[in-house]
Each structure stands twice: as C-alpha cells, then as structure tokens.
**Student:** 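Submitted below is the structure of interest, expressed as structure tokens.
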Amino acid sequence: MTMVSKDISKAAKILVQEDLVAIPTETVYGLAGNIYSEKAIKAIFEMKQRPFFNPLIVHIKSIEQLDELAKDIPKKARLLADKFWPGPLTMVLKKQEAVPDLVTAGKDSVAIRIPNHATALALLEALDFPLAAPSANPFGAISPTNALHVAEYFSEKLQMVLDGGDCQNGIESTIIGFENEEPILYRLGSISVEDIEEVIGKIQIKNKKENAPDAPGMLSRHYAPATTTFLESDVAQFIRGFPDEKIGLLLFKERIENATVFHQEILSKKGDLKEATSHLYAAMHRLDKMDLDMIVAERFPDFELGKSINDRLERATKK
Ligand code: AMP
Ligand code: MG
C-alpha cells in the first residue's frame, strides 16, 4: 500500500536511497527520482510503463542550479526563466555532459523547470540532486492532480506519495525549446501562448505529433479516460443522438437543462479559464469512475488556457 504523507524528510530519505516518491507540484503530481541514479530513473519508466524514448523533465530548486545541467542558454530562455520560474514553464536546453542519457532519452538536450509548489521546493532544498519527475500516472492515462489519484494508480508498487493538496494549475507545464536560438512551443500547458509572447515576442508552435514525434505529451492519444470520450461544440445537440446511453458531460460553465444524462461536471461556474483548467483532470477522473457509456466534453473557446484544455481534450478523444 502506498503511504500518503506530508513528511518531507521521509520523502527525502526514500529519494536518497534511490527509490521513488510521488511529489506534488502546481501542475500535476510527479513520479520523482534522483536524476543521477540509474536505478531510480529505470524505475520511473518501469512503473509508468513509459517507453524509454520519452525523455523526462528535470526539476531543480533554483536558477543557479541551471548551469549544472544546461549550457549555451539562449537569451530568451533567460528572460523566460526570470519571468516564469518557479512556475509551470519547462525549457528544453542543450545538456551538460553530467546529465544521464537515460533521463534525456539519448538526446543532447534536457527539459528543465523549477516547480512553484512550497512542498516540492522544500523537498528539492533538502536534496543535493535534481529530480526527474514525469506525471505520476501510467503512460497515456489521465494525469493525477491530488495524492489519492496517485495512490490509486500505483497502490501496489509505490512506497510514498508526498501529499501537497490539490494541484493549483491542474495541467502539465508549457514546454518551450529553441532551434537556432529561436523559441518553439512543443507542448501547450499551464502558461498560455499569449503570456509567453508578451515576454519574448511571437513564437512558433509545433505541438503536433508530425512535428515532434518523440515528445510523449504530443502523442495523439494521451491524457485519456478509459471511457469513450467525445469533444463537441454543441453538446446539447450531440447527445440527442444517444437517448439510451449512460452519459457524463464535461462542461465549461453551464449545465444543460433537461438533458437526460447521468451526470454533469461544470469546470467553472463563473466562466474562468484558469479555474476550469485547475478542475479539468479531477473531473475527468470522477467521470471515468461512473461506469458510463460515454463522456461528452464541450469544446472550449480557442484562446489562452482554452487552447491548452482543447489540446488535452482532443488527445483524450483519440482512439
Ligand atoms: P511529462 O513529464 O509526462 O509531462 O512529459 C515530459 C515532456 O517533456 C514530454 O512532452 C517530452 O517530450 C518533453 N521533453 C523532455 N525532454 C525533452 C527533450 N530533451 N527534447 C524535447 N522534449 C523533451
Ligand atoms: Mg505525462
């Protein structure tokens, strides 16, 4: 059975012993291990059933620690770090020799961020190594946004979940890389494209599989409930075609009156995209446990965090 606990020194002790601990961050819970331990990194891939060609994000405690892991850091990367760290922005940078190939899937680049979560930062502070931490879910499943989600996924295999409450942002970090010093967005996430462009100007977006085949968050099916899921602009109209099915709805701000459905999840009654984002995965987890015939999700407005939500919902609907 997985221990769910707030004990940071206990978590540190397990990590020093090269075992894994699931940790809270502001995005989703991560399955963390010492980047310099081959045993720990292999265990991460094994526990998640994640293919070895998918590189991991390295979590550090300070901007000073960046130079231990990355080199030839572009000016725009420094600007972004100053603006968004600690925070849900991951940057892919040229790696230092010391970063193990297992972590980067053999690439000469490494993905790095500083998490903005008091518990995660206190834990990193207690350790003298960075943590590799992909989302703490089996590969392809819905990411966990509370300690219970993690414990349910890995109850047999994982020693400990460090409990830091519900994740404030609720979806994965935004990932930015650089090609010839120019920023490229590889994954939509917790920080909107608009907010990033405010700092460094126009960026190119390459978050589709065709453009970046080796990025796991970009696989066309990912973040997916076990229940068949649809993404629709007109949900009321769509469900009329399925009067006999047991249906769960995932909606932005308003219930659909007189709908003959089993359950409706509303992500933000006041229509706030940030709030909706923070509730997205927990709502998907709940719906997925209701033994439904189908989940029907509403397509979000296609700007700011609405773009990131639509990205996840599109991947949730793919077969
Ligand atoms: P996860 O940790 O599950 O949120 O996924 C990690 C994300 O970081 C994936 O989308 C990876 O492709 C991306 N990533 C990590 N390292 C690299 C790298 N060196 N180059 C490109 N993408 C990377
Ligand atoms: Mg993941």
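For the numbers below, each heavy atom of this structure counts, side chains included, while hydrogens, waters and symmetry mates do not. Start at 1 and go down the list; that is how both ligands and their atoms are numbered.
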**Student:** Would you kindly specify which portion of T104 sits under 4.0 Å from ligand 1, judged on non-hydrogen atoms: side chain, backbone, both or neither?
**Tutor:**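 The answer is neither; T104 stays 4.0 Å or more away.
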
**Student:** Are any side-chain N or O atoms of E18 and backbone N or O atoms of S37, one a donor and one an acceptor, separated by less than 3.5 Å?
**Tutor:**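 The answer is no, because no donor-acceptor pair under 3.5 Å joins these two groups.
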
**Student:** Can a donor-acceptor pair be found, under 3.5 Å and without considering hydrogens, that links the side chain of R113 to the backbone of G87?
**Tutor:**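 Yes.
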
**Student:** Are the side chain of N310 and the backbone of F300 linked by a donor-acceptor contact shorter than 3.5 Å?
**Tutor:**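 Between the backbone of F300 and the side chain of N310 there is a qualifying donor-acceptor contact (under 3.5 Å).
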
**Student:** Minimum distance, heavy atoms only, to atom 6 (C) of ligand 1: which one of K48, M91, R50, E172 is it?
**Tutor:** R50

**Student:** Keeping to distances under 2.8 Å, can you name the protein N/O/S atoms close to the Mg ion (ligand 2)?
**Tutor:**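 Sorted hits: S135 OG.
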
**Student:** Taking S143's backbone N and O only, do any of them form a donor-acceptor pair with H285's side chain (distance below 3.5 Å, no angle check)?
**Tutor:**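 Indeed, once roles are kept as given, a pair shorter than 3.5 Å links the two residues.
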
**Student:** Taking non-hydrogen atoms only, is K95 closer than 4.0 angstrom to ligand 1 via side chain, backbone, both or neither?
**Tutor:**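 For K95, there is no contact with ligand 1 at all, from either part.
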
**Student:** Does ligand 1 have any atom that is closer than 4.0 Å to a heavy atom of G177?
**Tutor:** no

**Student:** Establish, from distance only, whether the side-chain atoms of D288 and T227 form a donor-acceptor pair under 3.5 Å.
**Tutor:** yes

**Student:** Decide whether an N or O pair under 3.5 Å exists between S109 and ligand 1.
**Tutor:** yes

**Student:** With a 4.0 Å heavy-atom cut-off (strictly under), which part of T90 contacts ligand 1: side chain, backbone, both or neither?
**Tutor:**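 For T90, no heavy atom sits under 4.0 Å from ligand 1.
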
